[in-house]
Amino acid sequence: MTMTTPVPMTASEVYHHGLRLLLEKDIAGWVDLWDPDGFLEFPFAPPGWPARLEGRAAVAAYMQHYPDHVDVHDFPDVKIHQTVAPETIVVEMRGVGRLVETDTPYDMTYIAVVTVMDGLITSYRDYWNPLAVAQPGADFAGADR
């Protein structure tokens with residue numbers, strides 16, 4: 001009997017799986033997609049918001065209350081672009097839903113650069129629009145800033 005080693009998911013597969021987990025509000029499952037030493041960066045983070053989270057534990061702490069702030073219903077228009085490095089993708093997408101506290105619509109566009117090694121996210125740079133959070137009632141992050 002020959003034992004085969006499972007092939008880790010590609011960066012694109014990991015990303016799509018992560019979106020499904022976020023729609024299911026399975027934050028623990030989403031965090032499990034992270035390498036223990038992976039980092040999450042927000043290059044356009046406004047003052048008072050984190051610019052970089054180091055490690056799975058920091059990502060988990062940041063995201064733990066995300067569903068309490070944003071009820072995401074869909075991620076329409078997801079476009080994944082493969083780079084010359086197979087482990088790195090560039091993602092263009094929209095997240096739509098509602099802001100829980102104010103019960104107002106949520107519609108955010110994102111560009112992300114994501115690297116996945118051995119089936120786990122090692123690097124995620126999230127280029128979201130900080131002007132959207134400057135609008136009244138737009139406190140959407142899992143961020144207990």
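Predicted model, so just to flag it, every value in this text is computed and none were measured.
For D103, the side chain to side chain donor-acceptor pair (under 3.5 Å) criterion is met by R98, not counting sequence neighbours.
Here the closest heavy-atom approach between residue R56 and residue D32 is recorded as NH2-O, 4.2 Å. Taking every heavy atom of both residues into account, V100 and P67 meet most closely at CG2-O, 3.7 Å. In terms of heavy atoms, P50 sits closest to A45 at O-CB, 3.4 Å. Smallest separation of non-hydrogen atoms from P8 and D118: CB-C, 3.6 Å.
Taking CG from L23 and CG from D74, the interatomic distance works out to 6.5 Å, rounded to the nearest 0.5 Å. A distance of 5.0 Å separates CG in L40 from CG in L53, rounded to the nearest 0.5 Å. Atoms OG and CD1, on S12 and I80 in that order, are 3.5 Å from each other to the nearest 0.5 Å.
One hydrophobic cluster holds both V72 and L99 under the rule that ILVMFWY side chains link at heavy-atom gaps under 4.5 Å. Taking hydrophobic clusters as Ile, Leu, Val, Met, Phe, Trp and Tyr residues chained together by side-chain heavy-atom distances below 4.5 Å, L120 does not share a cluster with L19.
Residues H17 and L33 form a side-chain contact, since some pair of their non-hydrogen atoms from C-beta on lies under 4.5 Å apart. Residues V14 and I121 are in side-chain contact: their nearest non-hydrogen atoms beyond the backbone lie under 4.5 Å apart. Looking at H16 and M9, their side chains never come closer than 4.5 Å, going by heavy atoms from C-beta outward. Side chains of T10 and E87 form no contact here, defined as non-hydrogen atoms less than 4.5 Å apart. Residues M93 and K79 have side chains not in contact (no heavy-atom distance under 4.5 Å, counting atoms from C-beta outward). Using a 4.5 Å heavy-atom threshold, the side chains of I27 and V31 count as touching. Counting only heavy atoms from C-beta outward, the side chains of T88 and M117 never approach each other to under 4.5 Å. Side-chain contact between V91 and Y110: absent, with no pair of heavy atoms (C-beta onward) separated by less than 4.5 Å.
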Verify salt bridge (Lys or Arg N to Asp or Glu O under 4.0 Å) between K25 and D71, making sure each step is shown before the conclusion. CA-CA 8 Å; K25 316 288 188 266; D71 179 15; 2.9 Å; yes
Taking it one step at a time, do R94 and D107 satisfy side-chain contact (heavy atoms from CB on, under 4.5 Å)? CA-CA 7 Å; R94 258 176 72 219; D107 192 336; 2.9 Å; yes
Decide yes or no on side-chain contact (heavy atoms from CB on, under 4.5 Å) for Y66 and W30, but give the supporting numbers first. CA-CA 12 Å; Y66 184 83; W30 186 81; over 6 Å; no
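Cluster note: Y127 groups with F44, V90, I111, V113 through ILVMFWY side-chain heavy atoms spaced under 4.5 Å, whether in direct contact or through intervening members.
Not less than 6.0 angstrom separates the ring centroid of F42 from the ring centroid of Y124.
Although no hydrogens or angles enter the test, the distance criterion places a donor-acceptor pair under 3.5 Å between the side chain of Q82 and the main chain of A85.
For the pair R52 and F39, the cation sits on the ring face: its NZ or CZ lies under 6.0 Å from the ring centre, inside 45° of the axis.
A side-chain contact (heavy atoms from CB on, under 4.5 Å) with M108 holds for exactly one of V70, N129, V96; it is N129.
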